[in-house]
Each structure stands twice: as structure tokens, then as C-alpha cells.
> 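I am attaching a structure below and will ask some questions about it afterwards.
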Amino acid sequence: MIDVDAGLVERLLLELALDGAFGETGVWRTVYSPEWVAAQDRVSGWMEEAGLEVHCDPVGSVWGTLEGSEGGSVIATGSHVDSQTPGGRYDGALGVIAGLVALRTLREQFGTPGRTLAAVSLCEEEASRFHATNFWGSRAIVGGISPVETEQIRDRDGVSIGDAMKAVGLDPERIPQAKRDDLDTWIELHIEQGPILEDEGLPVGVVDAITAIRHYVVELRGRSDHAGARPMQGRLDPMAGVAEIATAVIGVALENGPPAVTTIGRVDVQPNLPSAVPDQVTFTLDSRHPDQATVNAQHARQEELMREIAERRGLEISWTKPLDLPASPSDATVVAALEQAATEEGIPFRRMHSGAGHDTQNIARIAKTAMVFARSKDGRSHTPDEFTSVEDCVAAIRVLTAALHRLAY
Ligand SMILES: [Zn+2]
């Protein structure tokens, strides 16, 4: 049995939430802000206290290493320290704390591991300050940041991410040195951010895949006319087209059944007047499924329907795909280690997919990966109301710790 100190977990969660505290229970901690610096310093201190070798990588992710007696490639765990604006105390933060508590617990209970273990507090995941970062911390680890991005990616005040790094003492020229080629296995613990575990009365989920995510930005063009003088017959109304398209593409996800999801989250109407048929409507379409073959078919069907509806209505249609992330299946051996760990520890769990994107899908390019979910109260996240009980945090951390024990000792 793994003995995780619940008092320690609670104390660390509350203390980390002080950096960027927002209102009663919220956190506002964007990458390379003073609050972010304070949080990474705090985590670094805790890692030292836990007996880990601490270093900060070139993008500001803080690593704590527990060297194994056999050397070789590394088994790593962690999550991101940045937050939404505002976010809650658990998104990312719980995985950072889980990683360092797991390594501290293993070192105290079992001494030096055979394989080397590492816990990491990743610098950025949320894209809440810079909208185009797309997982800055984990992309650095896999060598996925292109040199032009440090100048091109800017926050709302026009500050480039390269300048923001320099302001906290990091050298953007060194980003390529953040790349790691020694990671063998990666496990991220995260809050679920949805209602599935709560609905089933389970504290923990073992993630077998992260969903594919595609974003379309669709432009539908018609002809602006007087809302009273132009009869219904003969209109080229892109809003009527959007209404039919919304029903059709959401219908595809409903027909496919769970876990297929499709959302039209933003609609821009031109000229956006109460008494004019619009000229043009631009809308976003977010379409997801964790199985690659299924999601390919889902996207193809949705594109076919959009073209068909536009054509029938005499509207011009075009789209771009600004985000297109493939499904990221977990590694079967890591999933098995987590499930065996949960069973051994007597912690009820289910296998599930992640409907949200995570750093893990980047790290999957270079390592065997899986995730552990902790139950979210009311399925809420990206809000100060986000909550996971200490008992559920500890249950998930015990599963992580026991799995790391199986893999490293
Ligand atoms: Zn997160």
C-alpha cells in the first residue's frame, strides 16, 4: 500500500493557489507573470525539500529528478503550472503537486529507485496569455517550437513571448536545449474537467486516449438585402444556411453517439444589423472523437453536409482548419501499470478518454504515455468554482505513485 500524506497534499494545493490568488477560490497565473515566477520558485523549493535534484529548463519548466541506481532513460510525471484567466486551483496545479508528492513518497517509503524518476512543473499549457502557444512547455520538450515563434507569438499588449521570457531571466535562444531525448515513459495526473467520473461515483479515471480535435473557421457568403422589402423567395441568406448547417453537423455527432462531440461556439455576422439579411456569416466548428478512424469519417461527413447545404442555398462556402490535432492513444503497457496499481490499492476506477487536450499528447511523440484523472465536482473546470476533494486527489496520487513504483523499482 502506498501511504500518501493527505495533509501534505492539501497544504501544497492551498499554498500554490496563493500565487495569483483570484477572489475566494480562483487563480489567475499566466506564463512569465510575477505570480508564475513565484509559483515556479515555490515548486522548486518543494522539490528540493523532497530530496530531488532540481533544474529549470530553457522555457522555465521546473524539473525535479530522483536518480535511479541503474541510470538509463527517464520515467517522468507532471503537469502545467499556468492557469486560465481566471481558472481554479486544480487544473494543472494538481498534476504538478501529484508528481512531486509521488516522488517524495516513493523516496521516503522505498528509497532509491532502479529507474530514474522525474517530476516536472511545465511552464505553460492554457494559451491564456499568448493565444498561439499551443502547449509551450511540452512542445519545448519534444523540440516542437520553431525559432520564428518567439517573435511572432504576442500577448494582447503586443509583448512577444521571447521578450516575456527575457523579462523573467530566460534566454529564448536556448529553447532548442529544452528538448529531451531520454524520456521513456510519461504519466500526467489531471482533474477530469467533465462529469463522467462523478456520474458513475468513481474517484479515478485511467485515460486510454486523448481526443482528436479539429477546429474549422467557416465563411458562408450570400447577399445582403432589406429585411422587409426582399421577399423570402430569392434571398441568399447565409444565416439561414448557418442554422441548417448547425443542425446538420451537430446531428452527425449525435448520430455517432458518445464520445463524439461537435460545437459551434462563435458566430460573426456581417453587417450584423437587425433589419438586414447578412452578407456573410463566419463561424467556428469544433469537432472531436478519440478514435482516429471515426473522427476522420465524422469530419468528412460534416464537410460534405456543409458543401451540400451551401450549394442548395446558392451560398459560397470556404473554410480553414487552424487547429488539427490527431487522436493520441495511450500506451497499453502504461495503462496496464495504472490499472494494476489502482486495483492493488483498492481504488475504484474506470477506463476513459480525455475530451480535452493535454501536454501528454505532445509528449506522446517521444515517450510512452498515459494519464490519470481525478473526479471533478459537478464536472466543472476553467472556473474558480472548479473543485476536487482532498480524498479524490489522494486517491489519484496513490494510483500514480503505485504505478511509478511498479515501473521504477
Ligand atoms: Zn490543464
Side-chain angles (χ1 to χ4, degrees), residues 1-6 9 66 68-70 72-79 94-120 183-192 196-198 200-210 259 290-291 327-354 358-361 363-364 366-376 388-409:
M1 287 282 278
I2 300 289
D3 185 18
V4 169
D5 179 349
V9 171
L66 182 57
S69 56
E70 299 157 17
S73 57
V74 175
I75 299 166
T77 177
S79 192
L94 178 60
V96 169
I97 287 165
L100 81 91
V101 168
L103 267 54
R104 177 177 165 152
T105 303
L106 288 172
R107 184 172 168 271
E108 283 171 3
Q109 281 183 39
F110 305 100
T112 304
R115 307 270 310 270
T116 296
L117 289 166
V120 60
L183 294 188
D184 173 76
T185 301
W186 165 267
I187 304 174
E188 179 174 7
L189 186 152
H190 203 281
I191 54 167
E192 182 201 344
I196 293 169
L197 291 173
E198 191 176 68
E200 298 192 11
L202 297 169
V204 168
V206 173
V207 176
D208 58 5
I210 300 174
D291 178 72
S328 176
S330 299
D331 181 86
T333 60
V334 184
V335 169
L338 286 166
E339 291 185 336
Q340 283 158 5
T343 304
E344 251 176 33
E345 293 294 310
I347 294 166
F349 69 96
R350 65 162 279 170
R351 220 187 249 214
M352 61 188 298
H353 82 285
S354 170
H358 291 288
D359 287 302
T360 296
Q361 70 205 57
I363 296 177
I366 59 162
K368 293 178 278 187
T369 61
M371 293 185 73
V372 184
F373 275 172
R375 169 165 53 190
S376 291
T388 295
S389 70
V390 177
E391 295 73 33
D392 288 352
C393 293
V394 168
I397 295 172
R398 278 174 59 206
V399 172
L400 170 70
T401 310
L404 293 174
H405 180 257
R406 296 183 77 88
L407 295 168
Y409 284 80

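Values in this document were obtained by computation on a predicted structure and should not be read as measured data.
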> Go through the structure and list residues passing side chain to side chain contact (heavy atoms under 4.5 Å, CB included) with Ser354, not counting sequence neighbours.
Val207, Ile210, Ala356, His358, Phe373
> Taking the side chain as every heavy atom from C-beta outward, state whether Val399 and Glu345 have any atom pair closer than 4.5 Å.
no
> What's the shortest heavy-atom distance between Pro259 and His353, and which atoms?
CB-CE1, 3.0 Å
> Could I get the full list of side chain to side chain contact (heavy atoms under 4.5 Å, CB included) partners for Pro113, not counting sequence neighbours?
Leu66, Leu117, Ala408, Tyr409
> Nearest 0.5 Å, what's the CG-OG1 distance between Leu404 and Thr185?
9.5 Å
> With a 4.5 Å limit on heavy-atom distance, are the side chains of Trp186 and Val120 in contact?
yes
> Working note: Cys393 + Leu94, criterion side chain to side chain contact (heavy atoms under 4.5 Å, CB included); need CA distance, chi angles, decisive distance, verdict.
CA-CA 8 Å; Cys393 293; Leu94 178 60; 3.6 Å; yes
> Give the minimum heavy-atom separation between Pro329 and Ala327, together with the two atoms involved.
CD-O, 3.5 Å
> Kindly compute the distance separating OG1 (Thr333) from CG (Leu407), expressed to the nearest 0.5 Å.
7.5 Å
> Which residues pass the side-chain hydrogen bond (donor to acceptor under 3.5 Å, both in side chains) test with Thr388, sequence neighbours left out?
none
> For the residue pair Thr105 and Asp3, what are the closest heavy atoms and their distance?
CG2-O, 3.5 Å
> Using 0.5 Å steps for rounding, measure from the CD1 atom of Ile75 to the NE2 atom of His405.
11.5 Å
> Find the distance between CE (Met371) and NE2 (His190) and round it off to the nearest 0.5 Å.
6.0 Å
> List the atom of Ala102, the atom of Leu400, and the distance in Å for their closest heavy-atom pair.
CB-CD2, 4.0 Å
> For residues Ser79 and Glu188, is any side-chain donor paired with an opposing acceptor at under 3.5 Å?
yes
> Go through the structure and list residues passing side-chain hydrogen bond (donor to acceptor under 3.5 Å, both in side chains) with Thr112, not counting sequence neighbours.
none
> Can you name the residues that form a side chain to side chain contact (heavy atoms under 4.5 Å, CB included) with Asp184, not counting sequence neighbours?
Ser73, Arg115, Lys368
> Mind listing the closest non-hydrogen atom pair of Pro203 and Asp392 along with its distance?
CB-OD1, 3.5 Å
> Are Arg398 and Val394 side-chain neighbours, meaning at least one heavy-atom pair lies under 4.5 Å?
yes
> Check whether any side-chain heavy atom of Val74 lies under 4.5 Å from a side-chain heavy atom of Leu183, and answer yes or no.
yes
> Would a 4.5 Å heavy-atom cut-off, applied to side chains only, mark Arg375 and Leu202 as touching?
no
> Which heavy atom of Met1 sits nearest a heavy atom of Glu344, and at what distance?
SD-O, 4.4 Å
> With sequence neighbours excluded, tell me which residues meet side chain to side chain contact (heavy atoms under 4.5 Å, CB included) with Ala370.
Ser330, Val334, Val335, Leu338
> Using side-chain heavy atoms (C-beta onward) and a distance below 4.5 Å, is Gln109 in contact with Thr401?
no
> For a 4.5 angstrom cut-off between non-hydrogen side-chain atoms, does Glu192 reach Met352?
yes
> When rounded to the nearest 0.5 angstrom, what is the spacing between CG in Leu189 and CD1 in Ile97?
11.0 Å
> I'd like to check Leu103 versus Thr77 (side-chain heavy atoms, cut-off strictly below 4.5 Å). Are they in contact?
yes
> Evaluate Asp5 against Arg104 for side chain to side chain contact (heavy atoms under 4.5 Å, CB included), listing each step before the verdict.
CA-CA 10 Å; Asp5 179 349; Arg104 177 177 165 152; 6.0 Å; no
